[in-house]
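What follows is a set of notes on a single structure, which appears directly below.
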Amino acid sequence: MSDDQRSTYEQNLSFIKANVERLQRGEVSIDELETLTAQMNQAFKFCEDRLAKTRLAVAETMKQSAPAAEC
């Protein structure tokens with residue numbers, strides 16, 4: 001799956017997990033490591049950004065739906 005095809009949080013998370021497992025099993029060659037590291041970094045940043053945006057959206061929704069405090 002190329003970077004362009006990983007357009008969701010779940011796809012990027014799955015990519016990261018699968019490649020961490022490959023690294024742990026010693027299945028990544030030194031020749032592949034640099035490229036894989038860059039791809040995993042992109043996937044991590046995607047997930048981090050998506051989580052940050054979701055947190056903000058939830059906080060904004062909660063703020064808007066909270067009843068006004070009575071004086």
Side-chain angles (χ1 to χ4, degrees):
M1 184 178 289
S2 73
D3 293 338
D4 296 335
Q5 294 174 328
R6 287 191 312 272
S7 59
T8 68
Y9 177 88
E10 290 79 12
Q11 289 170 340
N12 280 279
L13 185 59
S14 178
F15 175 80
I16 294 167
K17 286 181 178 182
N19 284 292
V20 166
E21 290 172 5
R22 287 183 61 218
L23 287 163
Q24 290 173 334
R25 291 189 302 261
E27 296 176 358
V28 178
S29 71
I30 194 71
D31 296 321
E32 182 186 6
L33 188 57
E34 182 178 3
T35 301
L36 183 60
T37 301
Q39 291 172 343
M40 289 177 67
N41 188 44
Q42 284 180 320
F44 180 79
K45 286 181 188 274
F46 180 97
C47 290
E48 192 173 51
D49 289 346
R50 183 60 52 98
L51 287 171
K53 288 177 185 177
T54 301
R55 282 188 196 108
L56 285 173
V58 169
E60 186 63 30
T61 300
M62 296 301 291
K63 186 169 44 171
Q64 290 175 2
S65 64
E70 293 183 33
C71 295

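Residues take their numbers from the sequence shown, with the count starting at 1. Because the structure is a prediction, the values reported are computed rather than measured. What's counted below: heavy atoms across the whole structure, side chains too, no hydrogens, waters or symmetry copies.
Atoms CD and CZ, on Q11 and R6 in that order, are 8.5 Å from each other to the nearest 0.5 Å. Interatomic distance, NZ of K53 versus CG of L56, reported as 10.0 Å (0.5 Å rounding). Atom CG in N41 sits 11.0 Å away from atom CG in L36 (nearest 0.5 Å). In this structure, N12 CG and F44 CZ are separated by 11.5 Å, a value rounded to the nearest 0.5 Å.
Salt bridge E48/K45: absent, no basic N to carboxylate O contact under 4.0 Å.
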Test side chain to side chain contact (heavy atoms under 4.5 Å, CB included) applied to Q39 and N19, step by step: CA-CA 10 Å; Q39 291 172 343; N19 284 292; over 6 Å; no
Worked check of side chain to side chain contact (heavy atoms under 4.5 Å, CB included) between L23 and M40: CA-CA 12 Å; L23 287 163; M40 289 177 67; 4.1 Å; yes
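Applying the salt bridge (charged side-chain N to carboxylate O under 4.0 Å, His left out) rule to E34 yields no partners; only residues at least two apart in sequence or on another chain are considered.
A continuous path of hydrophobic side-chain contacts links F15 to V20 [ILVMFWY only; heavy atoms under 4.5 Å].
For the pair R50 and Y9, the cation-pi test (distance below 6.0 Å, angle within 45°) is failed.
With hydrogens and angles disregarded, no donor-acceptor distance shorter than 3.5 Å links the side chain of S14 to the backbone of E10.
Listed here is the closest heavy atom pair of C47 and L13: SG-N, 3.8 Å.
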